[in-house]
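A short worksheet on the structure shown next.
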Amino acid sequence: MRRGPGIEPWRSRLLIMFSGQPDGLPPWVRALEDGDDAGYFGSGSAAWHVHGSLATIVAGIRALLMQALHPGAMAGVHDWSRYREDPLGRLSGTIRWILSVTFGSSEQARAESARVGRFHDRVQGEYPEGDGVTRAYSAHDSDLLEWVHLAFADAFLGAAEVWDPRIPGGADRYVAEWATAGELVGVVDAPRSEAELRGRLRELRESGALRHDERVAEVVRFLRHPPLGRGMGLPYAVLFGGAVASLPREFRELLGLRRPWWPAITFTRIALRVVARILGQRSTSVDAAERRLARLRREGRQTEPVPWARGGDPRGDLQHEVTN
């Protein structure tokens, strides 16, 4: 696609936001061309469709809003995250994991998950529960890992269903596929159907494990008005409104948010089309992964998704693999 000179500065800003590089090709994206297999999902998978869609921009906002509702996850963000000082750095780091696991070879997916696990090793502390009792937490706690996975899967599936719903195999296939990503970072017994995903979210909400407090309010305020730079305020406000509008009502109310009075779903759809015009219809990550698959086909190599051997402690196995 040919772009006018006025579009290029906007393209560079967006690519820096998502990848940290003005050309959208940091080393980890270039590495998607390498590897000896198709990865855990492969072309035509539900995960490729959902995470290759521009709806992921809105899904990321929605996921961060949802994750803030668990006081243990919120404590980790409050105590250890650099989101206030370097919001774009944290964003690009999260995107790196998502896209490496989705579009990379199985080796790259495992290595990137191990990197995340090593960062989580130091994330620990204490937080007050609703009854005033102080509880110790670690980013490796099973309930926190599960909550982050549930919030992520719900957000990305929910955004795709609103703005890019042609998911191969439907919602159940996406949830089942993305369970693999959860297990790569230590989630035990990740949900494998949409009904199971929604059921676990409902159970957590009804159990009282999720709550709104000042820390949640602080994150919501930050996500509503992050320091993104000149010219990005209005487009981001539209995307934030879309994220809020797409949330299930019960979680929106728990966050203390109201559905926008303006047609946020429609305006967000228009905004995503504008972004597609600026960036192009295909992501650099998809292109790199497709080049890997084309090379494997030329070499007569296997291009079907790699089965994930479940069981054991994935974090321990990954840590050993990457450090030896």
Mark yes or no for whether [X], through its side chain, and [Y], through its backbone, hold a donor-acceptor pair below 3.5 Å.
{"X": "H49", "Y": "D164", "value": "yes"}
{"X": "E218", "Y": "E214", "value": "no"}
{"X": "R192", "Y": "A190", "value": "yes"}
{"X": "S100", "Y": "W97", "value": "no"}
{"X": "T266", "Y": "P263", "value": "no"}

Apart from V238 itself, what residues make up its hydrophobic cluster, given side-chain heavy atom links below 4.5 Å?
W261, W262, F267

[Y] and [X], any side-chain heavy atoms less than 4.5 Å apart:
{"X": "P260", "Y": "V244", "answer": "yes"}
{"X": "I167", "Y": "L157", "answer": "yes"}
{"X": "P27", "Y": "R30", "answer": "no"}
{"X": "R301", "Y": "D36", "answer": "yes"}
{"X": "D172", "Y": "S193", "answer": "yes"}
{"X": "F152", "Y": "L64", "answer": "no"}
{"X": "V220", "Y": "L255", "answer": "yes"}

Identify, with sequence neighbours excluded, every residue that meets side chain to side chain donor-acceptor pair (under 3.5 Å) alongside [X].
{"X": "R252", "result": "none"}
{"X": "R205", "result": "none"}
{"X": "H51", "result": "T102, Y174"}
{"X": "D37", "result": "S106"}

Pair [X] + [Y], salt bridge at N-O below 4.0 Å:
{"X": "R295", "Y": "E290", "value": "no"}
{"X": "E33", "Y": "R292", "value": "no"}
{"X": "R198", "Y": "E250", "value": "no"}

Working to the nearest 0.5 Å, report the span between [atom1] of [X] and [atom2] of [Y].
{"X": "E194", "Y": "E161", "atom1": "CD", "atom2": "CD", "result": "5.0 Å"}
{"X": "T284", "Y": "L32", "atom1": "OG1", "atom2": "CG", "result": "8.0 Å"}
{"X": "L65", "Y": "L257", "atom1": "CG", "atom2": "CG", "result": "6.5 Å"}
{"X": "L293", "Y": "R298", "atom1": "CG", "atom2": "CZ", "result": "11.0 Å"}
{"X": "L197", "Y": "L201", "atom1": "CG", "atom2": "CG", "result": "5.0 Å"}
{"X": "L144", "Y": "Q124", "atom1": "CG", "atom2": "CD", "result": "12.0 Å"}

Which residues pass the side-chain contact (heavy atoms from CB on, under 4.5 Å) test with E206, not counting sequence neighbours?
R202

Only counting residues at least two apart or in another chain, list the ones meeting side-chain contact (heavy atoms from CB on, under 4.5 Å) with H225.
none

Atom of [X], atom of [Y] and distance for their closest heavy-atom approach:
{"X": "Y127", "Y": "A75", "result": "CB-CB, 3.7 Å"}
{"X": "D141", "Y": "A136", "result": "OD2-O, 4.2 Å"}
{"X": "V286", "Y": "G52", "result": "CG2-CA, 4.4 Å"}
{"X": "A245", "Y": "A264", "result": "CB-CB, 3.9 Å"}
{"X": "G242", "Y": "I265", "result": "O-CD1, 4.3 Å"}
{"X": "L239", "Y": "V58", "result": "O-CG1, 3.7 Å"}

Kindly write out the residues that satisfy salt bridge (charged side-chain N to carboxylate O under 4.0 Å, His left out) with [X], not counting sequence neighbours, or none if the list is empty.
{"X": "R62", "result": "D154"}
{"X": "D34", "result": "none"}
{"X": "R249", "result": "E253"}

Regarding S53 and W163, do their side chains bring together a donor and an acceptor under 3.5 Å, going by distance alone?
no

Do Y40 and R110 have side-chain N/O donor and acceptor atoms under 3.5 Å apart?
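The answer is yes; a qualifying pair exists.
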
Side chain to side chain donor-acceptor pair (under 3.5 Å) pairs touching residues 143-152, sequence neighbours excluded, are R135-D143, E146-R200

For the hydrophobic clusters of this structure (ILVMFWY residues joined by side-chain heavy atoms under 4.5 Å, transitively), does one cluster hold both V148 and I61?
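No; tracing contacts between hydrophobic side chains, which count when under 4.5 Å, never links both residues.
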
Ring pair (Phe, Tyr, Trp, His ring centres under 6.0 Å) filter on W48, not counting sequence neighbours, yields F103

Ring centre gap for F41 and W178 strictly below 6.0 Å
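F41 vs W178: aromatic centres under 6.0 Å.
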
